[in-house]
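Take a look at the structure below.
Remember, predicted model here, so these are calculated numbers, not experimental data. We name chains A, B, ... by the order of the sequence lines, and we start the count at 1 in each one.
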Amino acid sequence: MANELNNFSEIIAHCKEYGYIFPSSEIYDGLSAVYDYGQNGAQLKKNIRDYWWRSMTQLHENIVGIDAAIFMHPLTWKASGHVDNFSDPMIDNKDSQKRYRVDHLIETFADEQAATGKSEFAKEIITKMEKFLSKDDFVGLKSLIEENNIKCSISGTCNWTDIRQFNLMFETKLGSISGETDTIYLRPETAQGIFVNFLNVQKTGRMKIPFGIAQTGKAFRNEIVARQFIFRMREFEQMEMQFFVRPGTEMEWYNYWKAERLKWHESLGLPAERLRYHDHVKLAHYANAAVDIEFEFPFGFKELEGIHSRTDFDLKQHQELSKKKLQYFDNELNEDGKPYGNYIPYVVETSVGLDRLFLTVISTAYAEEKWTKEDGSEDSRVVLRIPPKIAPYKLAILPLVKKDGLPEIAKGLMNECKQSFHTFYEEKDSIGKRYRRMDAIGTPFCVTIDHQTKEDNTVTIRYRDTMTQERIALNDVRKLINEKISN
RNA sequence: GCGGAAGUAGCUCAAUUGGUAGAGCGAUAGCCUUCCAAGCUAUAGGUCGCGAGUUCGAGACUCGUCUUCCGCUCCA
C-alpha cells in the first residue's frame, strides 16, 4: 500500500496511458520539454486552476482577477529587469564541464587579485570586462579570460568553450502597418501584466489598500535545461496574486500569505510532511524577503510556490519608464489623525506553478496497491486518489448489465447528474473491470444500477478510496455527490 | 550543454552468429450476465524513433539525428 517516492517513471507512464499528459507533437518525435494535457489532464488542470481562482477571488472580497495578454510592450521587460538581468553570456569549461556566467567568472578572478593586493589590476580587469559586456563583444571577453589565464576552479584548466548568450525570453516579431517589425517577447512571468494594470483595476474597481489582483496564464522561459517531466517546461502556466499594501506593513502581509498559502496546499490534499518552507538567502533584485513552499516530488524537495515581498520595485520601475504615476492615495488616518496620503504601494506576491501543482497532485494521488482476497488469491490495482473536488470525473454511472432496462435507468440518472458535475457512463465489461478503470483515472464515486433498482429505486455506490460500497436511494445520488465534492 | 542508459503494436516485452516481425495484456464488435481487472468468438493495430552507410540482404552492425530517463549543470 505504500506510496513509493521513487516511482516517477510509473507516474509518467500512467499519465500518458490514461489521457492525462502526452508529449507535445509526439507523432513527430516530440518537442523537448513541451507537453500536452490530454482529456483527463486538461480537466484536472482546469479544476485545480478553478479551485485556486475561487479561493483567491471568491473567498477574498479584496482580491479581483484579471487576464492580461501574453504579449506586452517591450519596455515592460526593461522595467522588470528581465532584459538586463537574464541574458547573461555563459562559458563552459571543457574539462570539468562546468558552466559559468562570464561576468561572475571574471569578477571572482578580480576579487582574488584584489585580495592579494593587486587592487589596481583587479579594477582594470573589471573595467575591461564591462566595456566588452556593453558591446556584447564575446571574442574580447574570451580573450580577456585567456590572457589572464583565468582557470576553472574545479578542473584548474583554462580550456574554455566559446562564449554563448542565453536569453531566457522567447523573442518574436510584431508586424506593424508600416511594414516595420518590432521584437517583442513572450512573457516570462505573468506578474507584469498585473503591475501595468494596477491603476486600471484600482480605479475601476474602487479598490482600497490592502487589495490583491490575481491572474492565471501561460508564461514562457527558454531554459537552458528543461527537464523532469512537467516540472520545468519552457511553456508553463502560473497562478499569481499580487497583493498591494501600505509601505511598512509588507512583512506582516508576507507572513500572512506565507502561512495562508501553505494551508491552501494542505487543503488540496497534499500531505503536510511533504511540504516545507525554504527561505531565500540570496534575494532577487526586486525582493526584500522571499520564501519558497517546497514539495517533496519523486525527485526530491523542489519549489512549488514562491512568496515574495517585492517592495515597490515593479511599480516604481514602471512609473519611471512609462512616466505615468502609479500611486495610491490612502485616505485612512494615521496615528496623528492625518491621511496616509500618496504613495507607491508595496507588493507581496504569491506565485505558484499550475503544472507543478498538477504534478504534486498526481504524484500524491498515485498508488499501486496489492492485497490478498478472501479466497487467498492476490489482487491489485493502480488508483489515483485525487481529491473529489478536483477529480476530472466525479461519478461513473454503471448499469450492471446492458439489458433489462438498466441502461435506460442509468442514462436517466446521468442526464440528471450532468447538470451538476462531470459524469462518466460505461456499460461494457464486467463491473470489476469498470471499477478498476475508474480507479486508474481517479473517479472517486461509482454508482451501479442493478435489478434491485427496478424494484426499490436504490443503487450501489462504491467508493474509490476504500473500495467499500453501500446502497442509497437513486433520488439521493445527485445530492450526495454534490456534498462530497463541495468541501 | 556534457557524460551514461534506452527507443520494436496503446502497454509490458520477444525475435539464435545480419535472412524483410511475434506473444501476453489492452482496444473494438458480438455472445454471456456474474458487484471489484483474468468466460467465449471475431477483428483491427507496427515502413522495428527518424535519416544515411556497410551488405546480395539490416529490427540487429556503423555514423548522424530526434526524444526520454539518470548524473552533473542551469533555474527571478
Notebook entry, point to check: Are Arg356(A) and Phe231(A) in a cation-pi setup, meaning NZ or CZ lies under 6.0 angstrom from the ring centre and within 45 degrees of the ring axis?
Noted result: yes
Note to self: For the residue pair Arg310(A) and Tyr346(A), would you count it as a cation-pi contact if the rule is NZ or CZ under 6.0 angstrom from the ring centre and within 45 degrees of the ring axis?
What the structure shows: no
Can you see whether [X] engages [Y] through a side-chain donor-acceptor pair at a distance of less than 3.5 angstrom?
X         : Y         : value
Glu252(A) : Tyr254(A) : no
Gln215(A) : Glu240(A) : no
Thr448(A) : Asp450(A) : no

Without decimals, in angstroms, what is the distance between [X] [atom1] and [N] [atom2]?
X         : N       : atom1 : atom2 : result
Leu400(A) : rU33(B) : CG    : P     : 12 Å
Glu26(A)  : rU68(B) : CD    : C1'   : 11 Å
Lys402(A) : rU34(B) : NZ    : C1'   : 14 Å
His14(A)  : rG10(B) : NE2   : C1'   : 14 Å
Phe22(A)  : rC11(B) : CZ    : P     : 11 Å
Phe231(A) : rC70(B) : CZ    : P     : 12 Å
Arg381(A) : rA38(B) : CZ    : C1'   : 18 Å
Phe299(A) : rC72(B) : CZ    : P     : 14 Å

Verify the ring-centre separation between [Y] and [X]: is it less than 6.0 angstrom?
X         : Y         : value
Tyr35(A)  : Phe229(A) : yes
Phe299(A) : Phe297(A) : yes
His14(A)  : Tyr20(A)  : no
Phe358(A) : Tyr37(A)  : yes
Phe198(A) : Phe244(A) : yes

Using the [atom1] atom as the reference point in each nucleotide, state the distance between [N] and [M] in Å, no decimals.
N       : M       : atom1 : answer
rC63(B) : rA5(B)  : P     : 12 Å
rU43(B) : rC61(B) : C1'   : 38 Å
rC32(B) : rA38(B) : C1'   : 16 Å
rA42(B) : rA60(B) : P     : 35 Å
rG19(B) : rU12(B) : C1'   : 28 Å
rU8(B)  : rC69(B) : P     : 15 Å
rU73(B) : rC56(B) : P     : 50 Å
rC48(B) : rG10(B) : P     : 13 Å

Margin query: Measuring to OP1 and OP2 of rA76(B), would you say a side-chain N or O of Ser80(A) lies under 4.0 angstrom away?
Written below: no
Next item on the list: Respond yes when some side-chain nitrogen or oxygen of Lys16(A) is under 4.0 Å from OP1 or OP2 of rG10(B), and no when none is.
Entry: no
Margin query: Using the rule side-chain contact (heavy atoms from CB on, under 4.5 Å), only one of Leu315(A), Leu326(A), Ile213(A) pairs with Phe195(A); which is it?
Written below: Leu315(A)
Note to self: Heavy atoms only, 4.0 Å cut-off, all strands: where does Asp404(A) land among base, sugar-phosphate and nothing?
What the structure shows: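 Counting heavy atoms under 4.0 Å across all strands, no contact is made by Asp404(A).
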Note to self: Counting the atoms with a prime plus P, OP1 and OP2 as sugar-phosphate, which does Gln469(A) contact under 4.0 Å by heavy atoms, base, sugar-phosphate, or nothing?
What the structure shows: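 Base contact.
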Taking the side chain of [X] as its heavy atoms from C-beta onward, which of [options] lies nearest to it?
X         : options                   : value
His82(A)  : rC36(B), rA76(B), rC70(B) : rA76(B)
Phe8(A)   : rA76(B), rU33(B), rC70(B) : rC70(B)
Arg471(A) : rA37(B), rC70(B), rC35(B) : rC35(B)

Item checked: Upstream residue (5' side of RNA chain B) when Glu189(A) and Ile12(A) are each assigned their closest nucleotide -> Ile12(A)
Next item on the list: Map Glu349(A) and Ala13(A) onto RNA chain B by nearest heavy atom, then report which one ends up closer to the 5' terminus.
Entry: Ala13(A)
Checklist line | Contact letters for nucleotides 24-29 of chain B, in which S counts primed atoms plus P, OP1 and OP2 and B counts the base, heavy atoms under 4.0 Å | finding: --SSSS
Check: Out of curiosity, His308(A) NE2 to Gln242(A) CD, how far, rounded to the nearest 0.5 Å?
Finding: 10.0 Å
Item checked: Gap between atom SG of Cys446(A) and atom OH of Tyr463(A) - 0.5 Å precision ->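 One gets 11.5 Å once the value is rounded to the nearest 0.5 Å.
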Check: With syn defined as a glycosidic torsion within 90 degrees of 0 and anti otherwise, which applies to rG45(B)?
Finding: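 Syn.
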Can you check whether any acceptor in the base of [N] is under 3.5 Å from a donor in the side chain of [X], or vice versa?
X         : N       : value
Thr460(A) : rC35(B) : yes
His308(A) : rA76(B) : no
Arg462(A) : rC36(B) : yes

Next item on the list: Can you see which heavy atom on Cys417(A) is nearest to which on Val477(A), and at what distance?
Entry: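 That closest heavy-atom pairing would be SG-CG1, 4.2 Å.
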Protein and nucleotides 47-50 of chain B: nitrogen or oxygen contacts under 3.5 angstrom:
{"residue": "rG49(B)", "atom": "O2'", "partner": "Asp29(A)", "partner atom": "OD1", "Å": "3.3"}
{"residue": "rG49(B)", "atom": "N2", "partner": "Asp29(A)", "partner atom": "OD2", "Å": "3.4"}
{"residue": "rG49(B)", "atom": "N3", "partner": "Asp29(A)", "partner atom": "OD2", "Å": "3.4"}

Item checked: Identified stems (criterion: three or more consecutive Watson-Crick or G-U pairs, under 3.5 Å), RNA chain B ->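 Runs of three or more consecutive pairs: B:1-7 with B:66-72, B:10-13 with B:22-25, B:27-31 with B:39-43, B:49-53 with B:61-65.
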